[in-house]
Protein chains: 2
Amino acid sequence: MKNHRNEHTRERILDEAEALFALKGYHAVSIREITGAARCNLAAVNYHFGNKQNLYLEVYRQRWLPRAERVRQSFQNSIKTTPVPSADTVVHSLARAFLDGPLSNEARRRHLRLIVGELCQPTEAFELVVERVFRPLLGSLIADLRTAMPVDVDEEQAILNAFSIMAMVLYFNLSHPLIKSVLGTSSDNDLKTRLVDHLVEFSLNGIAGGNRGSDK
Amino acid sequence: MKNHRNEHTRERILDEAEALFALKGYHAVSIREITGAARCNLAAVNYHFGNKQNLYLEVYRQRWLPRAERVRQSFQNSIKTTPVPSADTVVHSLARAFLDGPLSNEARRRHLRLIVGELCQPTEAFELVVERVFRPLLGSLIADLRTAMPVDVDEEQAILNAFSIMAMVLYFNLSHPLIKSVLGTSSDNDLKTRLVDHLVEFSLNGIAGGNRGSDK
DNA sequence: ATTCGTTTGATACGAACGTTTGAATTGTCA
DNA sequence: TGACAATTCAAACGTTCGTATCAAACGAAT
């Protein structure tokens, strides 16, 4: 039924659309810009996806979601090496999965920009990001952290801990250039590794502190 | 020279433009939408500000920047109550200045959305945000934290600590609805206070941990 | 080779965009 | 009051946007 070239066109459009949406945001990208980058006709978007909004959603469904799944798998595989992972292992696995995981630098940048884009200006894709990825990830993160910690941490504390970790993961990606700018040009080598190390250490202490001391 | 109504119009445009830019982003807001909300003529934007891009910049220069200054003042005043503030005081003052400070809830949401907007999709206003506000704030934050801590924390560690704190401050504002959604409807009262408390505690432990243990 | 469903292509539509214009209106000061 | 600059207004500009149309090109099966 399906021939080869239409799939190629469809895939090319998805690729270029994702790159451009991640780079400039939905409204700053025109269909002509996408089809120009994909070297196909203007009408191809409306033929394959109906309209611009649905192309945007398909980018999340067919590009972003599978990648989010890869990140999740990378995270799960890392912590499943030990039967009862320590909090250290959990946080380190999460940080590495997001900041140094299965994605290339470019893919990772796109991936997290699409997340933050929906966080800043929610559209229809927001529900997909939250319900299909964010909430499950947060749930397993909390569960994994719980098994590695005493039970005297209440649910809200655990949730806020998980949010704090995610905050740093997202932010360190988002403003990676800014961080590099502030740190100066002196130490560019293996910055990513040191960022991960800092994030893990900072988070672990934050969690442990939240566990030990009940109130400030 | 200047009469009254033009200033009124100019100010109304700035107010409505800021609200709309913060809510929907630059490209998703049209001049007609702004002038409609400000109840003035379409051409008023081009008369008072030249063009849309410059209106956007003026929003940052004349609305955002003064508010950033108020937040900074609130932060500085809080920590200047004691001659040598503790790290606890510094972080708590910062968190309160941003999350519970001199701004109303609405003004704070706008303020931080304009920050994150420039972080996600930098325009000309990015330099203003970074150089005039972000870098000075980060500098004084690091300096204040340093005086409250032993000197065996290297510069990079201190910078990353400050970034981590800012990450949580920004993120807790950005995804406040999401956090409320995940936490459930059970505990809505004084959530902001508990968020600040969590942020302070998490950060302080993160900093202290970075101070005590040199490597993971 | 012919047919038929699928995909591509060139082109055009109406709407909305940012911007400009020039005439009316307003406020200010001689 | 009259003159003059500052501001507002309605209307239009040219451009670009998302979308629709329809014929041409293509691939696969009869």
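Values below: all heavy atoms of this structure, side chains included; hydrogens, waters and symmetry mates excluded. Just so it is clear: chains get the letters A, B, ... in the order the sequence lines come, proteins before strands, and each one is counted from 1.
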Whole Å only: how far is the OH atom of B:Tyr47 from the C1' atom of D:dC9? 13 Å
Taking atom CD of B:Gln62 as the centre, report whether more than 12 heavy atoms of other residues, nucleotides or ligands fall under 6.0 Å from it. yes
note: B:His48, atom NE2; D:dA6, atom P; distance rounded to Å ~ 12 Å
Rounded to the nearest Å, what distance is computed from the CD1 atom of residue A:Ile34 to the P atom of nucleotide D:dT16? 17 Å
What is the distance, to the nearest angstrom, from the CZ atom on B:Phe49 to the C1' atom on C:dT20? 18 Å
Will you find, in the side chains of B:Ser164 and A:His198, an N or O donor that is under 3.5 Å from an N or O acceptor? yes
What is the distance from CZ of B:Arg39 to C1' of D:dC9, rounded to the nearest Å? 16 Å
If you take all heavy atoms of A:Ile115 and A:Leu170, which pair is closest and at what distance? CG2-CD2, 4.2 Å
Distance check: side-chain N/O of B:Asn41 vs OP1/OP2 of D:dA10, anything under 4.0 Å? yes
Under 3.5 Å, N/O pairs linking protein and nucleotides 12-17 of chain C:
residue : atom : partner : partner atom : Å
C:dC17  : OP1  : B:Ser30 : OG           : 3.4

What nucleic acid atoms does A:Ala44 come within less than 4.0 Å of, heavy atoms only: base, sugar-phosphate, or nothing? nothing
To the nearest angstrom, how far is B:Asn46 atom CG from D:dA11 atom C1'? 14 Å
Got more than 12 heavy atoms from elsewhere within 6.0 Å of CD, A:Glu127? no
Does A:Pro177 offer a backbone N or O that forms a donor-acceptor pair with the side chain of A:Ser181 under 3.5 Å? no
Of C:dT6, C:dT21, D:dT19, the nucleotide closest to the side chain of B:Ala43 is C:dT21
Counting only N and O atoms by type, is there a donor-acceptor contact under 3.5 Å from the side chain of A:Arg63 to the main-chain atoms of A:Glu18? no
Take the protein atom CG of B:Asn51 and the nucleotide atom P of D:dG14, then report the distance between them rounded to whole Å. 20 Å
Would you call the rings of A:Phe21 and A:Tyr56 parallel, tilted or perpendicular, where under 30° means parallel and over 60° means perpendicular? perpendicular
Quick check on D:dC17: is either OP1 or OP2 less than 4.0 Å from any side-chain nitrogen or oxygen of A:His27? no
